[in-house]
Amino acid sequence: FLVYEDTLDCVLYQRSADFPLGVPANIIFYSALTYMLAQQCGFRPGELVHHIGDGHCYINQLDGISEYFNRPKHDCPKLILNKAKDIESYTIDDFKLTEFQSESKLYFPVAV
């Protein structure tokens, strides 16, 4: 985490990343964590910089990836976060997404 003036940024390095399955979940989790820590420390949430060492997708995920890239693009939703008394006191009820637009569910097989 980096602080510049009144902003908290998060720099994440991920050694290995499954793009269609793991990366979206990691972006959501570390973005939320950045918001939580910034709020608890009195900063504004800044950027999430995500470095990936080995980014990959599997051959059996290509149809889902192709479908994803052919879907309409939407603006990012906004996160409203109620302030908890400390970093360990947040509950799911403290998080609210607004301006969220969704397409139908995509299915990606997990490669084992």
Side-chain angles (χ1 to χ4, degrees):
F1 290 93
L2 305 168
V3 174
Y4 179 73
E5 295 179 355
D6 66 341
T7 302
L8 180 75
D9 294 333
C10 175
V11 179
L12 167 65
Y13 177 78
Q14 187 172 353
R15 181 191 60 81
S16 180
D18 182 339
F19 266 96
L21 294 173
V23 171
N26 289 329
I27 290 170
I28 292 166
F29 175 78
Y30 284 99
S31 295
L33 180 61
T34 302
Y35 267 73
M36 293 161 63
L37 287 172
Q39 190 178 70
Q40 289 296 315
C41 296
F43 296 116
R44 291 180 316 112
E47 295 182 340
L48 169 64
V49 180
H50 191 178
H51 299 275
I52 298 173
D54 173 21
H56 51 269
C57 56
Y58 297 95
I59 194 78
N60 61 353
Q61 297 171 331
L62 293 179
D63 289 341
I65 292 168
S66 178
E67 183 180 341
Y68 170 79
F69 281 120
N70 288 309
R71 289 180 168 201
K73 306 304 177 241
H74 303 289
D75 290 335
C76 291
K78 307 290 187 264
L79 174 63
I80 298 172
L81 181 61
N82 295 328
K83 187 171 183 179
K85 69 177 182 156
D86 58 52
I87 195 69
E88 295 180 347
S89 297
Y90 286 96
T91 68
I92 194 67
D93 295 329
D94 292 318
F95 297 82
K96 181 180 178 186
L97 282 181
T98 63
E99 303 176 38
F100 179 73
Q101 294 177 298
S102 177
E103 299 293 323
S104 60
K105 185 176 183 177
L106 283 173
Y107 294 91
F108 291 102
V110 176
V112 200

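- Using a 4.5 Å cut-off between side-chain heavy atoms of Ile, Leu, Val, Met, Phe, Trp and Tyr, with links allowed through other members, I80 and Y90 fall into different hydrophobic clusters.
- Note: the hydrophobic cluster containing I27 does not contain Y68 (ILVMFWY, side chain heavy atoms under 4.5 Å, direct or indirect links).
- There is no path of hydrophobic side-chain contacts, each under 4.5 Å, that joins Y107 to F19.
- Within a 6.0 Å sphere centred on CD of E103, heavy atoms belonging to other residues, nucleotides or ligands number more than 12.
- A donor-acceptor pair under 3.5 Å is formed between the side chain of Q40 and the backbone N or O of A84.
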Would you check, one step at a time, whether the test side-chain contact (heavy atoms from CB on, under 4.5 Å) holds for L8 with L2?
CA-CA 6 Å; L8 180 75; L2 305 168; over 6 Å; no
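- Within a 6.0 Å sphere centred on NZ of K105, heavy atoms belonging to other residues, nucleotides or ligands number 12 at most.
- Within the 4.5 Å cutoff, the side chain of F108 has heavy atoms near those of the I65 side chain.
- Side chain of R71 to backbone of S104: a donor-acceptor contact under 3.5 angstrom is found.
- Applying the 6.0 Å contact sphere to CG of D63 captures no more than 12 heavy atoms from other residues, nucleotides or ligands.
- The two residues P109 and N60 come nearest to each other via the heavy atoms CG-O, 3.2 Å.
- Looking at S102 and H74, their side chains never come closer than 4.5 Å, going by heavy atoms from C-beta outward.
- Contact of the Y30 side chain with the Q14 side chain is not registered, since no non-hydrogen atoms from C-beta on lie closer than 4.5 Å.
- The structure places CD of Q101 at 11.0 Å from SG of C76, a figure rounded to the nearest 0.5 Å.
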Residue pair C10, V49: steps toward the side-chain contact (heavy atoms from CB on, under 4.5 Å) verdict
CA-CA 6 Å; C10 175; V49 180; over 6 Å; no
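- L12 and F43 fall within a single hydrophobic cluster, where Ile, Leu, Val, Met, Phe, Trp and Tyr side chains are chained together by heavy-atom contacts under 4.5 Å.
- Between Q39 and L81, the shortest heavy-atom distance links the atoms NE2-O, 2.9 Å.
- Here the straight-line distance linking atom OH of Y4 with atom CZ of R44 works out to 11.0 Å at 0.5 Å rounding.
- Taken from CG in D6 to SG in C41, the straight-line distance is 13.0 Å, to the nearest 0.5 Å.
- In this structure, V11 and H50 have side chains that are not in contact, with every pair of non-hydrogen atoms separated by 4.5 Å or more.
- The number of heavy-atom neighbours closer than 6.0 Å to CD of E47, taken from other residues, nucleotides and ligands shown, is 12 or below.
- In this structure, K78 is not positioned above the aromatic face of F95 in the sense of NZ or CZ being under 6.0 Å from the six-membered ring centre and within 45° of the axis.
- Closest non-hydrogen pair, T34 versus G46, comes out as CG2-N, 4.5 Å.
- A 4.5 Å side-chain heavy-atom check between V110 and Y58 finds every atom pair outside the cut-off.
- Partners of S89 under the side-chain hydrogen bond (donor to acceptor under 3.5 Å, both in side chains) rule, at least two apart in sequence or in another chain, are D86.
- Residues E99 and D75 have side chains not in contact (no heavy-atom distance under 4.5 Å, counting atoms from C-beta outward).
- Atoms NZ and CG, from K83 and D94 in turn, are 12.0 Å apart once rounded to the nearest 0.5 Å.
- Atom OH of Y13 sits in a crowded spot, with more than 12 heavy atoms from other residues, nucleotides or ligands closer than 6.0 Å.
- In terms of heavy-atom proximity, P45 sits nearest to T7 at C-CG2, 4.1 Å.
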Determine, step by step, whether L33 and F1 satisfy the side-chain contact (heavy atoms from CB on, under 4.5 Å) criterion, reporting the C-alpha distance in whole Å, the side-chain angles of both residues, the deciding distance to 0.1 Å, and the verdict.
CA-CA 11 Å; L33 180 61; F1 290 93; 4.1 Å; yes
Checking I52 against R15 for the side-chain contact (heavy atoms from CB on, under 4.5 Å) test, could you report, in this order, the C-alpha distance in whole Å, the side-chain angles of both residues, the deciding distance, and whether it holds?
CA-CA 6 Å; I52 298 173; R15 181 191 60 81; over 6 Å; no
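- Hydrophobic cluster membership is shared by I87 and L48, with clusters built from Ile, Leu, Val, Met, Phe, Trp and Tyr side chains linked at under 4.5 angstrom.
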